There are 2 protein chains.
Amino acid sequence: MARAGQEGRRAAATRRRGAVLEDAILQAAAEVLTESGVAGLTMEEVARRAGTNKNALYRRWPNRLVLGVAAYRRLAAAETAPPDTGSLRGDALEMLRRANSTWSSPYGEILRGLIAAADGTEELLAELRRDPRAGGDACEAAWLTLLGRAVARGEAAPEALHPRVASAPTALLRNEYVTRGVPAVPDAVLTEIVDEVFLPLVRGRGPAGGASAG
Amino acid sequence: MARAGQEGRRAAATRRRGAVLEDAILQAAAEVLTESGVAGLTMEEVARRAGTNKNALYRRWPNRLVLGVAAYRRLAAAETAPPDTGSLRGDALEMLRRANSTWSSPYGEILRGLIAAADGTEELLAELRRDPRAGGDACEAAWLTLLGRAVARGEAAPEALHPRVASAPTALLRNEYVTRGVPAVPDAVLTEIVDEVFLPLVRGRGPAGGASAG
DNA sequence: TGATTACGGTACTTCTCGTACCTTAACTAG
DNA sequence: CTAGTTAAGGTACGAGAAGTACCGTAATCA
């Protein structure tokens, strides 16, 4: 029982330091986040899980919130290629479904908890915005990409190639979460955002007529 | 020095109870919210300010968050009549400016703090949504009103009279606050929301202004 | 090999939530 | 007017977590 490894107590066969220790701490923090959410992320628990103590944490991150954001960034390291279904409607719906899936997943809950806990701290929010799946900066780029393809196909007016337009659907989806606090947004809302707002906006309501809905 | 009234210690000349005491507590809570924000809203401080103690608070509200929401509702009891500038653009801009003004004011900061602290609790969010100035349900009704007038004037397509369309500008504005954490949104963003998203959406991009391509 | 860095262990202060218990004032019913 | 009930006020306490302070010691580096 000299090295009762696994979680918690670990007999210090060798004393970790630097990047190795930092990795272990972030790993532990990510686990705690996944299991207990942002509210359950306490410095003591993370330290225990990482087999170290609070000192090592506070030497690296000034407080639990910054640590939480750093740990989240490790969870959310996925890459995203914009969908290419052949139609703007299909692409847009796919983008929203991906976003909805992320936001309603445990990661989404963590993300929302962190955003809430950040309480408007610009630095932390900027850090979180770097997560492509969170509707951040990279997400906007993806929307512009598929908008560009739609313009090339003649499906959208060139004027629609605008950042504000590109971020609109995501903003509307996020709004559902922020203001309603629901665990997940039904698919009908996604199609409504696409058919009632996004498509009319990019292709014009006039001559072309509505989407599938009249 | 028998009754050292004002704030804090108040010699109990007469012991308040019921609605009178409740009012005093809410008043104190509202003051604390205004001065110290949501983070500074502690039960002890509120009790001290109200000249009572925590018991009286916990007998009425289960925790500090519910008390905070109740106190906020007292701060935000204003009525709102939709603007009527004669043009849809003017109305929309005025609506957004009002919202921006609210959100960037101390009240907006409190509101955002409460939304953050509510952390997705549907009940509390619903309660907060009852504040017309917060972009809540009443706000959506106002947008529909001015949209209706625009349709009557021929400024907007009848299809634009849709809740999802009506809530879009507010959602985009809120999005700026949520994702960027800025203290206030510049007016240029408001006009961009109106000119690049809202107006093209409700009046169609075709003949009126933007693209002739469909 | 000796100096420096930074981990690990532990204890501590501070804060705040939420609860418990008891005394006493205000109200209410008879 | 008195007795009984309800609800304030006072105070103390336990729990949980943040963040700080020291100190001995293992790892690394000059």
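Worth knowing before you read on, the calculation uses all heavy atoms, side chains too, and leaves out hydrogens, waters and symmetry mates. Everything quoted here is computed from the prediction, not taken from an experiment. Just so it is clear: chains get the letters A, B, ... in the order the sequence lines come, proteins before strands, and each one is counted from 1.
Residues satisfying the salt bridge (Lys or Arg N to Asp or Glu O under 4.0 Å) test with B:R98, not counting sequence neighbours, are B:E94. In this structure, the salt bridge (Lys or Arg N to Asp or Glu O under 4.0 Å) partners of A:E44, at least two apart in sequence or on a different chain, are A:K54. In terms of the side-chain contact (heavy atoms from CB on, under 4.5 Å) criterion, residue partners of A:L190 (sequence neighbours excluded) are, by chain and number, A:L93, A:L96, A:R97, A:N100, A:L173, A:V185, A:D187. The side chain to side chain donor-acceptor pair (under 3.5 Å) search around B:R17 returns none, not counting sequence neighbours. B:A29 is linked by a side-chain contact (heavy atoms from CB on, under 4.5 Å) to B:L41, B:V46, B:L67, B:A71, counting only residues two or more places apart in sequence or in another chain. Partners of B:N53 by side chain to side chain donor-acceptor pair (under 3.5 Å), not counting sequence neighbours: none found. Remark: A:N63 engages A:L65, A:V66 in a side-chain contact (heavy atoms from CB on, under 4.5 Å) (not counting sequence neighbours). Contacts of A:E109 classified as side-chain contact (heavy atoms from CB on, under 4.5 Å), with partners at least two apart in sequence or in another chain: A:R112.
Of the two residues contacting DNA chain C, namely B:N63 and A:L21, the nearest-nucleotide position lying further toward the 5' end is that of A:L21.
Contact check of residues 114-125 of chain A against DNA chain C (heavy atom, cut-off under 4.0 Å) returns no residues at all. Listed by residue number, B:L41, B:T42, B:M43 are the residues of residues 37-45 of chain B with a heavy-atom contact under 4.0 Å to DNA chain C.
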Indicate for each nucleotide in nucleotides 20-26 of chain D, in 5' to 3' sequence, whether protein heavy atoms under 4.0 Å reach the base (B), only the sugar-phosphate (S), or nothing (-). BBB-BBB
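Results of the side chain to side chain donor-acceptor pair (under 3.5 Å) test with A:E22 over A:R59, A:R16, A:R60 single out A:R60 as the only residue that passes.
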Restricting to nitrogen or oxygen on both sides, can you table the protein-nucleotides 1-3 of chain D pairs closer than 3.5 Å?
none

